[in-house]
Each structure stands twice: as structure tokens, then as C-alpha cells.
Amino acid sequence: MIRLNDITSKILSYHPSADIGLIEKAYVYSAKVHKKQTRLSGEPYLSHPLEVAGILTNMKMDEVSVTSGLLHDTVEDTLAELTDIEYLFGKEVATIVDGVTKISKIQFLSKEKQQAENIRKMILAMATDIRVLLVKLADRLHNMQTLGFQPPEKQDVITRETLDIYAPLAGRMGIYWLKSTLEDLSLFYLEPKIYEDIRLGIAQRREAQEKFIREIKEILSKTLREANIKATIKGRHKHFFSIYQKMMEQDLNTDQVYDVMAFRIIVNSVKECYEVLGLIHSMWKPVAGRFKDYISLPKANMYQSLHTTVITSLGERMEIQIRTWDMDRIAEEGIAAHWKYKEGYGSDKEMRDQYAWMRQLLEWQKSLTDPKEFLETVRLDLFSGEVYVFTPKGEVKALPKGATPVDFAYSIHSEVGNRCTGAKVNERIVPLSYQLKNGDIVHIITSKNHKPSKDWLNFVKTSTARTRIRQWIKKEERKESVAIGRDILEKELKKFNLSLSRQFKNEQILDLVQGFSLKSMDDLLANIGYGKISAKQVLNRLIPHVEIKGDKPEGLVQKIVHRIKRKKAEAGIKVKGMSDMLIRFGRCCHPLPGEPAIGFITRGRGVTIHTKDCRYIREVDPYRLVEVEWERSEDVSYLARLRITNVSKKGMLANISAIFAQSEANIVDADIHTTIDKKGISTFTIEVSDYNQLRDIISKIKKIKEVLKVERI
């Protein structure tokens, strides 16, 4: 067990003016209130706050943080009150202890809600003093180091939470040694066999690998000396979790992972960083796509370094990082490397401004009320690998890997995102789903009348874009539902010669709304529009003396009929016996007359028709599905797309076109090309009258000898 003297000596080594008396006082108080308490290991409970304080000194934190580490469990696990902590140790310490204190006394409906609420509390506390998170990370590290004394089911819950939330947060804070340690400990408990395989694999190759490290360091030292560059060179094995990730990504076993070595070269200036990079690339062949310049484009947590992977003359892959001493200190210590002891962090606005992601997290915790959506948003932000792109004016934007022009648009402003109609990347028009690459120059094309598309949710990567799109969709659906609800209610009131606006006073309306446990009349109308509350329920409360008979409960489908009508011949399909409705056909599957189909109620937008085997339908709420039947419609055609793969041969296009002509199917669009291996790929958009006609066309094309495959897209 670490001793108090070890803690005070360590903090004085990097912070000579620290108030050691405050730390000693906290130690005495913690020992007193935790007296007779023991951990599952059998050790005195005091060992835990001492270890947490020790970890905080390893992170080079100030005396307020170390004091808070000694006291972090006193309010939760003893009879100590927060007011006592503030009186004895000051407001700063009390704020941190309060922020770290768990919320186990609050009862939540689900584990998901509890986890979301924990993260919300942590983010709120971080907003005023980020030391809350640093103490929490130190607490989690020691709990992970002693997790073996917990029962297996508790081990699993704590480990997954660590891997999901705390390790990424440590990375976001720039404390990479802490992130790696938490990940390796998590791997030990989640995948013990794989962990042991990696450990044994490294142990068996240790002698050869240590020899390899010595040889590479000698080669690098000699080369740098000849170039008159003073440098420190470090070689190490990669962390177990990073090796595990490579195994999973590339489907390898431990024997097949060769690039388990990493080297770090530390020099005195930025200029020398690039000189060293040039020397390395002249000695060994760099691996394409594995060079990253985090000096010109630092990470969001201020991390800077050059990363490259090279192949040695013996065919060995190795990763090399090149940085200055200041960059190395930031990489090792993270936010603590910027600590201002004299001023104290609590008032350091500049530091918080550098952590823009923290402000974003704070905004999300305010705006996202659904726990599942909140957790998804936080995880998306924490796990994002970054790509750096430019605005036309040269401003750099850091986005997650796989981000699209839509993500870029929302990173500029929510209105730019909402009005985005297209994008140019490097002066070339690209689809909105295009995945941006490092160095791309992005220009967003906007239109005042344009609105976000629900389809964007299928490809956007940033939590900001996802959140803004969802908010807009909810807002628009609500507007439509309020309008539908108003029409439905007014129509029902007309049966009794009543009008909602004229007949009923504000007091009656207020009583009505409160009777349904809602806040406003718009809330009530929206619920009617959504089908959650029926018009009959409202009428029974507004005019209870009138007996309403024969009023069948209305579903959303019938309500939409009151809002928008459509001619029977236009749709060619009936929904539950009615054909005068707003009907749309799913772009994902393009159903045809005669094909087994089903309707999906789109709130506020009618019914969308899909094929019964459409993948989209498998994932939706089954209560919003309605049975449909096709009506015979004359002179109505539908679009269908076919992809035909065939052996490349003269006359093939003529043969296929002849079948379309014989079947009276009009070709609307065609895309034809030949592959390197002499296969013809043809994509046709054709007009057909029904499903039977399409099946007949497919059957005829398949009979052509040279045709290899016919697919309906």
C-alpha cells in the first residue's frame, strides 16, 4: 500500500509550493471516517483513497486534486456531510468531491438510464472543474486494478463501462498511458484467453524483439548523429489492447501480428521533427496511407506528433513517432501538462476553450433527453478517429473518420447543414454521402428552401449532425401532427355545431390539457395527430353531457385521410379498404402491383408502401404496419431497376433490348460498362405495369446463354 510520505514527496517534486498541510489534514480525516471499513480484498478501506491520490500525483495534479482523491468516497460511504468537507477543506475540494460522488441512492427505471444519468452528472461537473473527471479516472483505474475481488457479473459490468466511457475519456484528455492501461485491464477481464495468448506470444519472442529494438536504436542513433541531430530514442512493445484491435480488424491470430513494436524519437525543435522524418523515409520504405501529421493538424486534445509506419530491410513493420520534448510532455501528461498552479484551474477559461468537445458534451446533456440517444451521441464523439479537411478560406475542420459533406456542413452551423443541397470537394461535385479524406477542400452548396433528409441519418458520422437532423425531423413531424390533430378535432366538434376556438374558454382548454397530463394545447393536438389520444376521448371531456355513440376509435391512417386526399387511380393500392389516401412508394424496394406488399404509417406523412421482404420493414415498429391490397389501374406504369451481368460478347445489348421491346417495357435509363475480366455489367431502369410483367422479363433474360446473373435493384 502506498504511504502518505510517498504522495507528499511526489507532489513536491513537480510542485514545490504545494500546500502539503491540506493533504495531510485530508489523510487524517479520511482515516478517521473510513475507520473499521475494509475492501473486498480484506485491506483497510483507506488503501483505496491513498492509491487514488497516488495515481493523481503520477498525473502531476495539484494539491486540491490530490486532497479530493483522498476524500472522494467520504460523502458516499461514510457519515461525512458535504458541508463538513467544504468547511474543513474549502469550496474547490467540496465541488470536486460532490462531482465524483456516485448517485447510487437515485432509483432509475433501467441500467441504460442509470448509465446515461451518471455521464450527465460527470459532464455537468466537468463544465465547472475538469478535475472532477481526473479524480474519477484515477478512482476507476484503481478499481480496475483490484477488480479481481468482485464477483464475475460485477466484473463484466464495470469492465464494459470502462471500455465504453472511461478509456475514451482518458484519451480525449490526452492521458494516453491511462487510456492504454484501462484498455489492457479491460481486455484481461473481457477476453482472458486472448490476453494470455498475446502475453505469451510477446514473452516467447521477447529475446528476439529486444535484440531488434537494440539494432534499430543503433541504426537510428548513428543516422541522427551523422545529421547533427540530438535525439532520444525509445523502443517498446505495443499495448495488448492495440494488438487485440489489429487482430480483430484484420482477422489475425497472435502469431500473424508482426508489427507489435513502436519507436519514439524525441528532438528539440519542430524543424528537426520533419528532418528526422525525411531521414527515416530515405532509409526504409514507408507504408502507404500510414503517415499522419499531427504537428500541422493537432488533435482536439492538443496532441502533436508525426506518425509513420515503415518496412525494414528484413521485412519487419514498425511504427515510429517523432515529436519535440514539449509535445512528448503533453502526450504523456495530457491536460495536466498545461496546469497553472498559481491561478488554479477553476478560473482558467482559456483551458476550457481549448477543449471545445467538452462544451459540446455539455450542450448535448442539456438537449438530449432520451438516454439511448444521449449514450449513442457521447460514444460516437469519444470513439471518433479524425480526418482533417479545409473550408474554401483555409480554415481547418477536424471530423471523425468516414465523415461526409453533411457532417462538414453541420460543423460550420446548423443552418448550413439544414440547407445543404450539395457539395464540391476539391472543385468537383460529389454525393452528400461521399467520405471525406485528409486535406480535402470542401465547399457546401445551400438553398433557402431546402430541408434535411431523413436518409442523411444512414451515412452521417458526427453526433452533431445526427442530433441536428433528428431535432429537425421531430420538429417537422410535430408541426404536421398538430395540424392533423386540429383538423380531426374541429371536424368532430362540427358534428355538434361547436368550434374549438369560439365555444370554449381558455380556462376550459387549460383544464382539458392538464387532464391529459400535458403542458399545452399544441401538445394535445400533436397527440391526436400521432394517434395517441382519440378525438372521442377529448369530446367526452369537453362536452361530457353529450352521449357520443357509434364513434369508432380512429387510427392514424383514418386521421391522415382528413388531412390530405388522393385519387384512387393515382396510387393503384388500397389501405384497409380505403383508397383516397396519401400514398408513397418506398425508394428502398420500389414495390410493383401484384407483388406482396405492406404499408408503413409515416407520422404526419401518410402511408409508405414497401415489399413484404424489404429490409427496412424488419426494423420498424410492427404496430405501425397496415395491410394493403393492389387495385387494377389502367395506363399506370412503375419504375423498376435491373442489373444484368453477362459474358462480354457482340450482340448482347441488342438481345436484351429486344426482350424489353417484346415485353412492352420502356427503357428509361441505362448504364453499361465492361469489367477487366471481360464481363458486361448493365443497369437498366424500365417502366412496367406490374410485378408479373417484371418477373416475365427477368425469366426471359435469364434464358440467354451468356447471361450470368439478373438482379432487381
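At least one donor-acceptor pair under 3.5 Å links the side chain of Thr146 to the backbone N or O of His142. With hydrogens and angles ignored, the 3.5 Å screen pairs no side-chain donor or acceptor of Ser30 with any backbone N or O of Ala26. No donor-acceptor pair closer than 3.5 Å links the side chain of Asp77 to the backbone N or O of Thr74. Remark: the backbone N or O of Thr462 is paired with a side-chain donor or acceptor of Asp407 at under 3.5 angstrom. A donor-acceptor pair is defined here as one N or O able to donate and one able to accept, closer than 3.5 Å; no such pair exists between the side chain of Lys234 and the backbone of Ala262. Without hydrogens or angle criteria, Glu51 side chain to Ile2 main chain gives a donor-acceptor distance under 3.5 Å. One N or O on the side chain of Gln155 and one on the backbone of Gln150 form a donor-acceptor pair closer than 3.5 Å. Using modelled atom types, no side-chain atom of His34 and backbone atom of Ala31 make a donor-acceptor pair closer than 3.5 Å. Arg466 contributes a side-chain N or O that, together with a main-chain N or O of Leu457, makes up a donor-acceptor pair within less than 3.5 Å. A donor-acceptor distance shorter than 3.5 angstrom exists from the side chain of Tyr14 to the backbone of Met61, with no hydrogens or angles considered.
Sorted by first and then second residue, the salt bridge (charged side-chain N to carboxylate O under 4.0 Å, His left out) pairs with a member in residues 2-23 read Arg3-Asp6; sequence neighbours excluded.
For Tyr195 and Tyr244, the ring centers sit 6.0 Å or farther from each other. Here the two rings, on Tyr294 and His307, have centers that are under 6.0 Å apart.
The shortest distance between side-chain heavy atoms of Val75 and Asp98 does not fall below 4.5 Å. Residues Ile322 and Ser305 are not in side-chain contact: their nearest non-hydrogen atoms beyond the backbone lie 4.5 Å or more apart. At least one side-chain heavy atom of Asp73 sits less than 4.5 Å from a side-chain heavy atom of Glu76. Residues Gln321 and Thr308 are not in side-chain contact: their nearest non-hydrogen atoms beyond the backbone lie 4.5 Å or more apart. Under the 4.5 Å side-chain criterion, counting only non-hydrogen atoms from C-beta, Leu134 is not in contact with Ile96. The shortest side-chain heavy-atom distance between Phe390 and Phe408 does not fall under the 4.5 Å cut-off. Put simply, the side chain of Met327 does not reach to within 4.5 Å of the side chain of Ile266, judged on heavy atoms. Within the 4.5 Å cutoff, no side-chain heavy atoms of Asp139 are placed close to those of Ile55.
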Quiz item: Under the ring-ring contact (aromatic ring centres under 6.0 Å, His included) criterion, do Tyr303 and Tyr176 qualify, and how do the steps go?
Solution: CA-CA 10 Å; Tyr303 174 89; Tyr176 287 104; 5.3 Å; yes
Practice problem: Using the side chain to side chain contact (heavy atoms under 4.5 Å, CB included) rule, take Thr404 and Leu436 through it: C-alpha gap first, then chi angles, then the decisive distance, then the call. | Solution: CA-CA 6 Å; Thr404 65; Leu436 299 172; 5.7 Å; no
Quiz item: Would Tyr189 and Ile158 count as a side chain to side chain contact (heavy atoms under 4.5 Å, CB included) if you check the C-alpha gap in whole Å, the side-chain angles of each, and the deciding distance to 0.1 Å?
Solution: CA-CA 10 Å; Tyr189 287 102; Ile158 293 171; over 6 Å; no
Exercise. Show your working on side chain to side chain contact (heavy atoms under 4.5 Å, CB included) between Ile175 and Met59 and close with a plain yes or no.
Key: CA-CA 8 Å; Ile175 313 170; Met59 293 160 67; 3.7 Å; yes
Exercise. Kindly indicate, with the supporting measurements, whether the criterion side chain to side chain contact (heavy atoms under 4.5 Å, CB included) is fulfilled by Lys154 and Leu147.
Key: CA-CA 9 Å; Lys154 195 85 177 282; Leu147 194 61; 5.9 Å; no
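Crowding of Lys292 atom NZ: a count of heavy atoms from other residues, nucleotides or ligands under 6.0 Å not exceeding 12. Other residues, nucleotides and ligands place more than 12 heavy atoms under 6.0 Å from the OH atom of Tyr45.
Listed here is the closest heavy atom pair of Ile265 and Ala231: CG2-CB, 4.0 Å. Ile229 and Glu275 get closest at one heavy-atom pair: CD1-OE1, 3.5 Å. Annotation for Pro49 and Leu70: closest pair CB-O, 3.3 Å, computed over non-hydrogen atoms. Nearest approach of Leu50 to Ile7, heavy atoms of both residues: O-CD1, 3.5 Å. Across Pro44 and Arg39, no two heavy atoms sit closer than the pair O-CG, 4.2 Å. Nearest heavy atoms, Ser269 versus Thr324: C-CG2, 3.5 Å.
With sequence neighbours excluded, no residue forms a ring pair (Phe, Tyr, Trp, His ring centres under 6.0 Å) with Phe263. Contacts of Lys32 classified as side-chain contact (heavy atoms from CB on, under 4.5 Å), with partners at least two apart in sequence or in another chain: none. For the side-chain contact (heavy atoms from CB on, under 4.5 Å) test, residues two or more places apart in sequence or in another chain that qualify with Leu518 are Val513, Phe516, Asp523, Leu524, Asn527, Ile533. Every residue was checked against the salt bridge (charged side-chain N to carboxylate O under 4.0 Å, His left out) condition with Lys36, not counting sequence neighbours, and none meets it. Evaluation of the side-chain contact (heavy atoms from CB on, under 4.5 Å) rule for Glu210 yields Arg206, Arg214 as partners, not counting sequence neighbours.
A donor and an acceptor atom, one from each side chain of Asp62 and Ser65, are located under 3.5 Å apart. A donor atom on one side chain and an acceptor atom on the other are not found under 3.5 Å apart for Asn418 and His413. Between the side chains of Thr159 and Asp156, no donor-acceptor pair of N or O atoms lies under 3.5 Å.
Taking CG from Leu399 and OH from Tyr410, the interatomic distance works out to 14.0 Å, rounded to the nearest 0.5 Å. The distance from atom CZ of Phe241 to atom CD of Glu183, rounded to the nearest 0.5 Å, is 5.0 Å. Atoms CZ and CZ, on Arg264 and Arg236 in that order, are 5.5 Å from each other to the nearest 0.5 Å. Here the CH2 atom belonging to Trp456 is positioned 6.5 Å from the CD1 atom belonging to Ile469, to the nearest 0.5 angstrom. Separating the OG atom in Ser414 from the CD atom in Gln471 is a distance of 8.5 Å, to the nearest 0.5 Å. Ile20 contributes atom CD1, which lies 10.5 Å from atom CG of Asn5 (distance to the nearest 0.5 angstrom).
Glu272 has no carboxylate O lying under 4.0 Å from a charged side-chain N of Lys230, or vice versa, which leaves the two without a salt bridge. Note on Asp328 versus Arg323: salt bridge recorded, some NZ/NE/NH1/NH2 to OD/OE distance being below 4.0 Å. Between Glu196 and Arg199 there is a salt bridge, since a side-chain N of the basic residue sits under 4.0 Å from a carboxylate O of the acidic one.
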